[in-house]
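Right, one structure below, let's go through it.
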Number of protein chains: 2
Amino acid sequence: MNNSVSIKDIAKKFKCAPSTISRALNDHPAINIETRKTIQEYALKVGYQKNTLSLSLLNNCSMTLGLILPSITHYHESSILEGMEEILLKSGYLLNICVSNESHTIEKEYIDRLLANRVDGLFISMAQESYDQQLGEHIDRVIQRALPVIFIDRPNHGVASDRVVTDDYQGAFMATQHLVDMGCQRIAHLHGPSGISVSQQRFLGFQDCLEANGRKVEEDLIQYVHFSAESAIQATRNLMNLEHKPDAIFGVNDEVCIAAMFVLREMGISVPQEVAIVGFDDIPLASFGHPPLSSVSRQSRRIGEEAAKLFLSKKDQKLDPITISLEPKLIIRESSLRS
Amino acid sequence: MNNSVSIKDIAKKFKCAPSTISRALNDHPAINIETRKTIQEYALKVGYQKNTLSLSLLNNCSMTLGLILPSITHYHESSILEGMEEILLKSGYLLNICVSNESHTIEKEYIDRLLANRVDGLFISMAQESYDQQLGEHIDRVIQRALPVIFIDRPNHGVASDRVVTDDYQGAFMATQHLVDMGCQRIAHLHGPSGISVSQQRFLGFQDCLEANGRKVEEDLIQYVHFSAESAIQATRNLMNLEHKPDAIFGVNDEVCIAAMFVLREMGISVPQEVAIVGFDDIPLASFGHPPLSSVSRQSRRIGEEAAKLFLSKKDQKLDPITISLEPKLIIRESSLRS
DNA sequence: GTGAAAGCGCTAACAA
DNA sequence: TTGTTAGCGCTTTCAC
């Protein structure tokens with residue numbers, strides 16, 4: 001597959017031992033500085049590239065990490081990846097990316113491959129399927145190997161583990177309180193897929209906030225959606241066809257809210273006057289909605305950064321598992337601003 | 001870093017040679033089927049996981065690929081990744097993801113790491129910096145090693161290479177023709193960053209289409225933007241403050257068009273009646289714009305799929321470099337539909 | 001200042 | 001049917 005130059009090849013050229021070449025290339029002080037230079041120049045010339053695989057084998061450390069995500073096309077996930085990349089770039093690690101597509105089988109398969117490739121650590125946002133069915137042995141196997149595992153967004157059912165999350169509960173609470181403060185009386189919720197931690201936490205924050213304000217959740221006002229815009233079309237119609245229509249919607253993410261605003265426009269219902277809206281994730285296009293969409297930022301990029309930093313700090317000293325919980329930020333825009 | 005079980009460990013347990021274990025685990029027919037089973041069960045029990053690194057060293061093949069992208073948070077790039085993943089999943093390859101952030105230095109650094117890790121192939125969408133300054137030696141070094149390199153979106157300056165692209169020129173031509181057909185007289189263009197192939201091709205298609213219709217590009221009607229929505233705000237205002245305002249805008253991507261529609265709304269200009277708009281990429285939110293945004297789909301996901309398939313077909317037999325050029329598809333929605 | 005040899009985990013050719 | 005040995009590319013310990 002590759003006709004690359006090895007240390008042996010160079011040794012032959014210089015009629016010396018491979019170890020000499022190795023030392024020269026690694027700037028070992030014992031080697032004559034002249035020799036060092038000559039060898040280094042020659043290596044550069046012939047395009048010598050150290051074979052890291054052999055070192056991985058030798059040192060039991062591959063300088064490679066695994067990242068398993070349920071999907072990658074949403075802004076949240078790709079931002080996590082971007083943040084992680086930035087931190088890891090400086091540290092010399094390479095990232096293996098695996099998209100599980102929410103499937104437990106695929107997730108397991110990827111974990112096997114990553115283990116076989118001896119990654120030095122694993123970042124994982126669990127597939128919905130694994131989470132739903134409490135399938136965790138594949139991850140336990142990783143933990144048993146004393147391989148650092150850092151959970152992202154979705155926690156592990158089992159033993160305590162390192163985690164980086166945004167406080168979805170708090171974010172949802174803030175969003176709901178904001179709608180209450182704006183005078184909204186009947187706040188609906190576009191509820192994410194059940195079984196997913198993110199959906200549950202956001203619903204709980206929503207629910208608890210209503211109760212803290214002396215109200216309670218009305219079943220009619222809860223509609224289930226996926227994380228896609230399409231899935232919110234019918235859900236929003238259902239809400240607006242109720243006898244007692246909602247005067248506000250809190251959506252599980254921005255995509256569903258943008259779709260909701262689309263439906264409301266179609267129905268001639270004004271936002272925020274008749275229905276105020278708050279989303280979640282603060283995607284870049286939220287500010288350019290009609291009207292601009294209020295949203296809870298979960299600091300997606302920082303999740304990736306913190307996860308990478310957590311790994312780097314962990315690998316030196318074994319510490320107790322910690323949870324880094326990032327503060328969500330409510331960004332208020334027109335879609336929820338009632339005067 | 002990991003306390004994993006090796007074939008030697010198992011051999012000790014069974015008081016036999018490592019090669020026997022190796023054969024048993026690989027279902028070698030020479031080994032007693034009973035013995036095979038016992039060994040396989042034991043291996044499973046103790047969580048044995050083959051160390052692929054040693055095989056990579058032995059076979060000169062790591063079953064690992066590199067993917068270098070200038071960014072990852074846009075729908076186009078993350079869809080490419082997703083498409084690629086799907087194909088590679090079935091073939092046992094693992095994907096190393098590298099985000100160059102359009103920087104030549106970072107790109108070079110990543111290429112070094114990927115080479116050091118002996119990836120079996122490389123997918124690359126070149127950084128703007130490398131492209132602009134025609135910096136290609138880092139990539140030539142890869143090609144010289146006879147390592148399969150597949151270019152995505154942005155071509156290589158130098159030698160002929162495998163490529164998967166969408167025909168941006170044709171897409172832009174189609175979009176412009178559509179605007180002409182809709183009766184638009186003064187079609188403006190939100191031009192992407194100069195030096196990027198994608199921007200250039202789209203501009204050329206735009207220009208040639210106008211000329212094919214007996215018109216020519218007016219400098220006033222060309223405004224430069226980045227790929228972000230923000231960058232289109234001022235650009236659109238500039239256009240609409242012209243004495244001879246445009247009655248159509250063709251934007252380099254959907255984000256800038258959504259921002260443009262936002263500005264037009266603010267200025268009380270109606271879309272598509274006063275200004276018709278067509279974007280590029282067909283991001284999922286395009287259909288939920290106000291109004292729904294016409295756009296040229298570049299089949300992002302399929303780019304990833306085709307690139308992965310191209311690699312898989314190439315690795316068996318060395319063939320001449322080919323270019324896979326995907327047909328862009330014009331999706332007409334309200335933003336450009338004049339009756 | 002340099003060389004020889006062992007070994008990381010695994011497989012395959014050769015022997016028995 | 002199973003064992004022995006060599007070797008993938010590199011570093012490191014121990015000699016010299």
Side-chain angles (χ1 to χ4, degrees), chain A residues 1-40 43 46-64 112-120 145, chain B residues 1-40 43 46-64 112-120 145:
Chain A
M1 189 60 85
N2 63 66
N3 38 9
S4 50
V5 191
S6 82
I7 248 179
K8 259 190 189 167
D9 300 328
I10 303 183
K12 247 176 233 164
K13 195 82 189 173
F14 283 87
K15 292 183 175 137
C16 66
S19 50
T20 307
I21 307 295
S22 169
R23 280 186 276 245
L25 293 175
N26 291 317
D27 265 328
H28 196 287
I31 302 287
N32 189 327
I33 194 146
E34 292 286 311
T35 327
R36 249 191 274 174
K37 246 191 189 158
T38 329
I39 292 179
Q40 286 176 6
V46 295
Y48 168 80
Q49 189 88 34
K50 188 184 291 211
N51 186 333
T52 312
L53 297 175
S54 62
L55 287 182
S56 305
L57 204 55
L58 209 54
N59 304 330
N60 206 8
C61 159
S62 67
M63 291 304 280
T64 288
D112 277 346
R113 280 193 212 165
L114 292 172
L115 287 180
N117 271 53
R118 295 297 190 263
V119 291
D120 293 335
R145 290 182 166 237
Chain B
M1 190 59 84
N2 62 65
N3 38 7
S4 49
V5 191
S6 82
I7 246 179
K8 260 192 191 166
D9 299 328
I10 304 186
K12 245 176 236 163
K13 196 81 189 174
F14 284 85
K15 292 186 175 131
C16 65
S19 52
T20 306
I21 306 296
S22 169
R23 281 185 275 246
L25 293 176
N26 291 317
D27 263 328
H28 194 289
I31 301 285
N32 188 325
I33 193 147
E34 292 285 309
T35 327
R36 249 191 271 172
K37 245 190 191 161
T38 327
I39 292 179
Q40 285 177 7
V46 296
Y48 168 80
Q49 188 88 35
K50 186 185 289 207
N51 186 334
T52 313
L53 297 174
S54 63
L55 286 183
S56 306
L57 204 55
L58 207 56
N59 304 331
N60 207 9
C61 160
S62 66
M63 292 302 282
T64 288
D112 278 346
R113 279 190 213 167
L114 292 172
L115 287 180
N117 271 53
R118 294 297 189 265
V119 290
D120 293 334
R145 291 183 166 236

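Every chain is numbered from 1, with letters handed out A, B, ... down the list of sequences.
For the pair B:I33 CD1 and D:dT2 C1', the interatomic distance rounds to 17 Å; values are reported in whole Å. One atom, CG of A:D27, and another, P of C:dG1, lie 14 Å apart when rounded to the nearest Å. For A:R36 and C:dT2, the CZ to P distance is 10 Å, given to the nearest whole Å. Taking atom NZ on A:K15 and atom C1' on C:dG3, their separation rounds to 17 Å, with Å as the unit. As a whole-Å value, the separation of B:N32 CG from D:dG3 P is 12 Å. When the P atom of D:dC10 is taken as reference, atom CD1 of A:I10 falls 8 Å away, rounded to whole Å. In this structure, A:I31 atom CD1 and C:dG3 atom P are separated by 8 Å, rounded to whole Å. Between the CD1 atom of A:I21 and the P atom of D:dT11 there is a distance of 11 Å, given to the nearest Å.
Legend: residues meeting side-chain contact (heavy atoms from CB on, under 4.5 Å) with B:K12, ordered by chain and number and at least two apart, are absent. Take B:K13 and apply the side-chain contact (heavy atoms from CB on, under 4.5 Å) test, not counting sequence neighbours, and it matches B:Y42. Scanning for salt bridge (Lys or Arg N to Asp or Glu O under 4.0 Å) contacts around A:R23 gives an empty result, with sequence neighbours left out. Checked against side-chain contact (heavy atoms from CB on, under 4.5 Å), B:S56 has the following partners two or more places apart in sequence or in another chain: A:L53, B:T52, B:S62. For B:D112, the salt bridge (Lys or Arg N to Asp or Glu O under 4.0 Å) test picks out B:R141, with sequence neighbours left out. Partners of A:N32 according to the side chain to side chain donor-acceptor pair (under 3.5 Å) rule, which considers only residues two or more places apart in sequence or in another chain, do not exist here.
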| request: Take A:R36 and A:H28, measure what side chain to side chain contact (heavy atoms under 4.5 Å, CB included) needs, and give me the verdict at the end. | output: CA-CA 8 Å; A:R36 249 191 274 174; A:H28 196 287; over 6 Å; no

| request: Might you work through the side chain to side chain contact (heavy atoms under 4.5 Å, CB included) test for B:N117 and A:T64, ending with a clear yes or no? | output: CA-CA 9 Å; B:N117 271 53; A:T64 288; 3.4 Å; yes

Are any protein N/O atoms closer than 3.5 Å to N/O atoms in nucleotides 14-16 of chain D? If there are, list each pair with its distance.
none

Pull out every protein N or O sitting under 3.5 Å from an N or O of nucleotides 5-9 of chain C, one pair per line with the distance.
| from | atom 1 | to | atom 2 | distance (Å) |
| --- | --- | --- | --- | --- |
| C:dC8 | OP2 | B:K8 | NZ | 3.2 |
| C:dG9 | N2 | B:S54 | O | 3.1 |

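For the pair A:R145 (side chain) and B:G47 (backbone), a donor-acceptor distance under 3.5 Å is present.
Between the OG atom of B:S4 and the OH atom of B:Y48 there is a distance of 9.0 Å, given to the nearest 0.5 Å.
Closest heavy-atom contact between A:I10 and A:A43: CD1-CB, 4.1 Å.
Regarding contacts with the backbone of C:dT2, every side-chain N or O of A:T20 stays at 4.0 angstrom or more from both OP1 and OP2.
An end-to-end axis angle of 50° holds for the helix from C:dG1-D:dC16 to C:dA16-D:dT1, taken from five base pairs per end and rounded to 10°.
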